[in-house]
Amino acid sequence: MADKAPKPKIDRKARVQKPPHHARIRPPRARVRDFEEVVIPYTREEAMLEASRCLQCAAAPCQAACPLDNDIPRALRLIEAGEIVPAAAVYRATSVMPEICGRICPQTLCMEACTLHRMGKPIDTRRLEAFAADTQRETVRVPHPTLPAPTGKRVAVVGAGPAGLTVSEHLTRRGHTVVAYEKRPHPGGLLRYGIPRFKLNREVVAAKVTWLEQLGVKFRCNTTVGRDVTFDELREQYDAVFIGIGTPQDFSPGIEGEELAGVYTATEFLVRGNEPDPDPSFKVGPRVHVLGGGDTAIDCLRTALRLPGVTDVTCYYRRSEAEMPAHEQDYHYALEEGARFEWLACPTHFWGDDAGRLRAATYQRMELCEPDESGRFWPVPIPEATFTVEVNTVVLALGYRGDAAFNRRAPELETKWHHLIKVDDEATGRTNLPGVFAAGDVVRGADLLAPTIATAAQVAGVMDAYLQKK
Ligand code: SF4
């Protein structure tokens, strides 16, 4: 693609002095009252100003850190010149969903790799990506590619989440017929049901799905493979099968009282809590505890804070703040919005009332032992140090596993730890069954979006080669 913006002469010293114009964030007190996105989108002028700080580094560490190899310096050069739609095309050359990556990628990838990060003012690469992609979609629309002649080959995609959508797009672009099976009412998987609306609004996901439908991808929603159609039927009816079902099973800690009304898994809590009209049986608060220290726990805390009737939201984590795996920015947002954190506390018992509703939780105080050879500080209980607090809702955000029920219905498929699917190599996605491929969280365990769509795109290439030879 021709770069319309000539490479400008860069006065790096002058650019380093420029103040950052990062995307603005809605004030905590305003944003916590609703589910609207917390980040205020860039205006054209703001985006051009921010892009004009880019040093156009020869080695492009931002691009090197991007799992999708987005040509960030080139896109920023175009944004700086006001060529927003061509900039979007640069992102779309390597990413199937830049408007989504620009919203939910953590700052630890391109932004922390940015040369200017060392000076505490990295370029707001993610929000510029979202801005360019949104502008294209909302103004001239995202163009559909000219498809090659149909190959006559048919592919079943199981799971219409990030990996499934990526494979569906790449294989349709190569002339294959793709039918994506999704157990939930709408495609999108984690993007539609796992990421809170205040981080990724549903219109963006719906627009991507509509675009794929117009491209030719067929979605069969409310269809569970293994129940409504068998895995063997898919193998018989299609030339290849792709499995991208993610890690839909929440880890259960096996604590007494876990079955009480008011104890939710993170998946159920995020799905129901982010519905625009939650059903009346979804009762939350006033006191909410979220257990866990990862990004999902933070998403649950921030969702709880937005729900009516909730007055007190606390995260309980068995290690200390320093070990918490959640990304720093979202942790900071949660603190701003009013979440509290109780470190070195591990749940041991949930207590219910006569009606079987949660009323209290007991926690064990922990301390960190000396680091083991891997450098990890393991939490160990402090003898006889427990405490019990009143609580109405507990959310278990302790990690995810693969889909054991799916695996049982596909017994010939080789699996590995945590019910994940075994492949010969993540880059090929080949399972032990001929013509069956897998990628994304179902292979790697819960991961970030960008690496997932990067490997799914690679696997789509391998599947295409397989289909061409078939
Ligand atoms: Fe621009 Fe930062 Fe990338 Fe350098 S590392 S090219 S300053 S975005």
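Atoms within a ligand are numbered from 1 in the order they appear, just like the ligands themselves.
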Colleague: Answer yes or no as to whether an N/O/S atom of Cys110 is found below 2.8 Å from atom 3 (Fe) of ligand 1.
Modeller: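 No - counting backbone and side chain alike, Cys110 has no N, O or S atom under 2.8 Å.
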Colleague: What is the ring orientation for Tyr317 with Trp343, classed by angle as parallel under 30°, tilted 30 to 60°, or perpendicular over 60°?
Modeller: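 Rings of Tyr317 and Trp343: perpendicular, as their planes differ by over 60°.
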Colleague: Under 4.0 Å from any heavy atom of Thr115, which atoms of ligand 1 are there?
Modeller: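 Reading through ligand 1 atom by atom, the close ones are 2 (Fe), 4 (Fe), 5 (S).
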Colleague: Any atoms of ligand 1 less than 4.0 Å from a non-hydrogen atom of Leu76? List them with their elements.
Modeller: 8 (S)
Colleague: Can you tell whether the side chains of Arg127 and Glu50 come within less than 4.0 Å, N to carboxylate O?
Modeller: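 Looking at Arg127 and Glu50, the cut-off is not met.
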Colleague: I need the His418 NE2 to Asp403 CG distance, nearest 0.5 Å.
Modeller: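 So the NE2 of His418 and the CG of Asp403 are separated by 15.0 Å.
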Colleague: Just checking: Cys114, one of its N/O/S atoms, less than 2.8 Å away from atom 2 (Fe) of ligand 1, yes or no?
Modeller: yes
Colleague: Taking the non-hydrogen atoms of Pro73, is any one of them nearer than 4.0 angstrom to ligand 1?
Modeller: yes
Colleague: To the nearest 0.5 Å, what is the distance between CZ (Arg53) and CZ (Arg15)?
Modeller: 10.5 Å
Colleague: Is the closest side-chain heavy-atom distance between Tyr333 and Asp330 below 4.5 Å?
Modeller: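 They are in contact (side-chain heavy atoms under 4.5 Å apart), so the answer is yes.
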Colleague: Can you report which non-hydrogen protein atom sits closest to atom 4 (Fe) of ligand 1, along with the distance?
Modeller: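 The closest one turns out to be Cys57 SG, 2.3 Å.
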Colleague: Heavy atoms only: give me the nearest Ala438-Phe242 pair and the separation to one decimal.
Modeller: C-CE1, 3.7 Å
Colleague: Going from NE2 on His117 to OG1 on Thr108, what distance comes out if it is rounded to the nearest 0.5 angstrom?
Modeller: 10.0 Å
Colleague: Against heavy atoms of Pro61, which atoms of ligand 1 measure under 4.0 Å?
Modeller: 5 (S)
Colleague: Name the closest protein heavy atom to atom 1 (Fe) of ligand 1, giving the residue it belongs to and the distance to 0.1 Å.
Modeller: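 So the nearest neighbour among protein heavy atoms is Cys54 SG, 2.4 Å.
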Colleague: Starting from atom 3 (Fe) of ligand 1, which protein heavy atom do you reach first, and at what distance in Å?
Modeller: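 Atom 3 (Fe) of ligand 1 sits closest to the protein heavy atom Cys62 SG, 2.3 Å.
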Colleague: How far is atom 7 (S) of ligand 1 from its nearest protein heavy atom, and which residue and atom is that?
Modeller: Leu55 N, 3.4 Å
